[in-house]
J.: 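Here's a structure for you.
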Amino acid sequence: MAIKFGRPIEARDTAPSFTSGTDASPAALHLTTRMRRNRKSEWARRLVRENVLTTDDLIWPLFAADGDNRREAVASMPGVERLSVDQCVRDAERAAKLDIPCIALFPYTDPALRDPQGSEALNADNLVCRTVRAVKKEFPDLGVLCDVALDPFTSHGHDGLLRDDGVIMNDETVAVLARQALVQAEAGCDVIAPSDMMDGRIGAIRDALDAAGFGDVQIMAYAAKYASAFYGPFRDAVGSAKALTGDKRTYQMDPANSDEALREVELDIAEGADMVMVKPGLPYLDILRRVKDTFAMPTFAYQVSGEYAMLMAAANNGWLDGERAMMESLLAFKRAGADGVLTYFAPRAAEKLRTRG
Ligand SMILES: NCc1[nH]cc(CCC(=O)O)c1CC(=O)O
Ligand SMILES: [Mg+2]
């Protein structure tokens, strides 16, 4: 039996016109303020609504893969596929038609091309660069964001260079990341998004971009990125799950920390980040709010693969109304102060917003 996405939405706005709970019974309370008055009907709720989600808030992550005319399902992310370059262009077209401002590209690198240095990241004709060129050629007005980190390219699955004793080498990695960013900028990428959590990489990448004449290329720093269990399905999608030796706790943040996120963000801003990101999303809304309040920067949240997988699993089991849970989760980011959200729900949310959701 085919599994549908969630339950049908129940009829909305059928509430009676008088719902503030007042009545003339002897039990009537003499309340000056009744909060329910402003909720009595849809027009009244619209009038006092504090936050809205629009398509302008959405960044849609896509997974690129080799091949031609291929779309391959990612088992742990129902509804998400790895796309050959031509199919990435088709999804870019869908994004453009839905008025989604920006897509984010992640490559599934052929395992044969992965090595300990992640050399394929520096190949100007690698999968991600070919995808950027193909997309920008057809849709020059669609924003394209590229992740900077070595994990889709390394045989050990780490974001940086791994020394024999297991240490991830910071400064040596930063030098490679700056070159990776240049290769992506040359391909036409609009936003460089370093997700590696090495120290000092934002400054090094900014310098490299400026020196090469890419002064207009923006940097969205994965500034407060936690060592999270919620990245599991993403690692399936880019094929780094099986490769990964150990974990990423020497460079990604400890989920127990909050003040530390502010120091991370502060450094990335000082080094030249144009936009900052908190990741994962829903479990870290407290961090998002602190970052936004403290720095007043363009601030983004990444609703990561595991969050998407949780919602989809429950929806596909009929345990949640998938559409409503999706929209509620995205609105939560706005309420917490996000200027935008990277989300695998982007096309579905945009479709819903178009029909006024
Ligand atoms: N550095 C790579 C990267 N870029 C984005 C994600 C996760 C995105 C998601 O889970 O949706 C990861 C995974 C990781 O750090 O292991
Ligand atoms: Mg940092």
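Atom set for the values below is all heavy atoms of this structure, side chains included, hydrogens, waters and symmetry mates excluded. Note that ligands are numbered from 1 as they come in the structure, with each ligand's atoms numbered from 1 the same way. Please read these numbers as outputs of a predicted model, since none were measured by experiment.
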J.: What is the nearest protein non-hydrogen atom to atom 5 (C) of ligand 1, stated with its residue, atom name and distance?
T.: Lys279 NZ, 2.7 Å
J.: Please state which part of Asp147 comes within less than 4.0 Å of ligand 1, counting heavy atoms only: side chain, backbone, both or neither.
T.: side chain
J.: Against Ile192, only a single residue in Leu209, Leu145, Leu182 fulfils side-chain contact (heavy atoms from CB on, under 4.5 Å); can you say which?
T.: Leu209
J.: Find all atoms of ligand 1 within a distance of less than 4.0 Å from any non-hydrogen atom belonging to Gln252, and give their numbers and elements.
T.: 14 (C), 15 (O)
J.: Can Lys225 be said to sit on top of Tyr284's aromatic six-ring, NZ or CZ under 6.0 Å from centre and within 45° of the ring axis?
T.: no
J.: What is the name of the N/O/S atom in Glu264 that sits closest to the Mg ion (ligand 2)?
T.: OE1
J.: Side chain of Tyr226, backbone of Asn257: donor and acceptor closer than 3.5 Å?
T.: yes
J.: Could you see which bit of Tyr308 sits under 4.0 Å from ligand 1, with heavy atoms only: side chain, backbone, both or neither?
T.: neither
J.: In terms of the angle between their ring planes, are Phe63 and Phe106 parallel, tilted or perpendicular, with boundaries placed at 30° and 60°?
T.: tilted
J.: Show which atoms of ligand 1 fall inside a sub-4.0 Å distance from at least one heavy-atom site of Lys248.
T.: 14 (C), 15 (O), 16 (O)
J.: Who gets closest to atom 11 (O) of ligand 1 by heavy atom: Tyr344, Tyr226, Tyr231?
T.: Tyr344
J.: Is a side-chain donor or acceptor of Lys136 paired with a backbone partner of Val144 at a separation under 3.5 angstrom?
T.: no
J.: Is it the case that Gln218 and Asp190 place a side-chain donor and acceptor less than 3.5 Å from each other?
T.: no
J.: Do Glu93 and Phe139 have side-chain heavy atoms sitting under 4.5 Å apart?
T.: yes
J.: Using a 4.0 Å cutoff against the non-hydrogen atoms of Ser195, which atoms of ligand 1 qualify?
T.: 1 (N), 2 (C), 3 (C), 4 (N)
J.: What do we get for Asp159 next to ligand 1 when only non-hydrogen atoms under 4.0 Å count, side chain, backbone, both or neither?
T.: side chain
J.: Do Ser84 and Asp68 get their side chains close enough for a donor-acceptor pair, meaning under 3.5 Å?
T.: no
J.: Which ligand 1 atoms are under 4.0 Å away from a heavy-atom of Tyr302?
T.: 8 (C), 11 (O)
J.: Under 4.0 Å from a heavy atom of Ala149: give me the atoms of ligand 1 that qualify, with their elements.
T.: 1 (N)
